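For clarity, every value in this text was computed on a predicted model and none was experimentally measured.
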Amino acid sequence: MEPRFVTRESFKVVGMEESFTLKNNIIPQLWMKFGPRIAEIKNKLHSCIAYGICTAEDLSGYLDFTEDTPFKELVCVEVSDFDDIPEGMLTRTINAHKYAVFTHKGELSNLHKTYDYIYKTWFPASGF
């Protein structure tokens with residue numbers, strides 16, 4: 001699995017975020033909660049593109065990524081501005097950067113294998 005590299009200017013998103021672990025995986029429920037509410041976001045830039053952005057506050061533990069490693073999932077859409085944000089949603093500005101984009105293929109229950117590859121194999125050997 002090789003990433004594709006994308007260089008992006010900063011961009012704004014609006015969505016919903018939850019903390020969880022792979023053992024307590026709530027990603028499907030989060031998407032089910034967010035999906036019907038996308039229409040409430042008035043300033044979307046794209047009508048059929050949404051993002052699932054996984055983040056962590058402490059990356060040091062990701063070399064030992066397990067089903068109990070905590071992280072956050074932000075399900076969101078890109079917006080032109082932060083005006084008129086629906087209740088219960090949050091805003092984030094994603095910094096301009098060069099990103100390595102990995103595509104997980106297969107069952108969500110195997111997502112930990114993708115993370116294992118990224119953090120234990122690809123990242124240490126990548127030079128990034």
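- More than 12 heavy-atom neighbours from other residues, nucleotides or ligands sit within 6.0 angstrom of NE2 on H46.
- Atom CD in E78 sits 10.0 Å away from atom NZ in K12 (nearest 0.5 Å).
- In plain terms, the two heavy atoms of C54 and E73 that are nearest each other are SG-OE1, 2.7 Å.
- The shortest non-hydrogen separation linking T121 to P124 is O-CD, 3.5 Å.
- From H104, atom NE2 reaches atom CE of M1 across 7.5 Å, with rounding to the nearest 0.5 Å.
- Relative orientation of the W122 and F102 rings is perpendicular, given thresholds of 30° and 60° on the angle between their planes.
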Donor-acceptor pairs under 3.5 angstrom involving side-chain atoms of residues 29-45: please list them, not counting sequence neighbours.
unit_1	atom_1	unit_2	atom_2	d
K33	NZ	E18	OE2	3.3
R37	NE	E40	OE1	3.4
R37	NE	E40	OE2	2.8
R37	NH1	E87	O	3.3
R37	NH2	E40	OE1	2.9
R37	NH2	E87	O	2.6
N43	ND2	D81	O	2.5
N43	ND2	D81	OD1	2.8
N43	ND2	D83	O	3.4
K44	NZ	I38	O	3.4
K44	NZ	I41	O	2.7

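- Under a 4.5 Å side-chain heavy-atom cut-off, the cluster of Ile, Leu, Val, Met, Phe, Trp and Tyr residues that includes V13 is completed by V6, F11, I49, Y51, I53, L74, L90, I94, Y99, V101.
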* Asked: Could you go step by step and tell me if T93 and T91 meet the side-chain contact (heavy atoms from CB on, under 4.5 Å) rule?
  -> CA-CA 7 Å; T93 299; T91 63; over 6 Å; no
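- Atoms OG and CD, from S126 and E2 in turn, are 10.0 Å apart once rounded to the nearest 0.5 Å.
- Of all the heavy atoms in F20 and I27, the pair that sits closest is CZ-CG1, 3.1 Å.
- The CZ atom of F71 sits 7.5 Å away from atom OG1 of T21, with the distance rounded to the nearest 0.5 Å.
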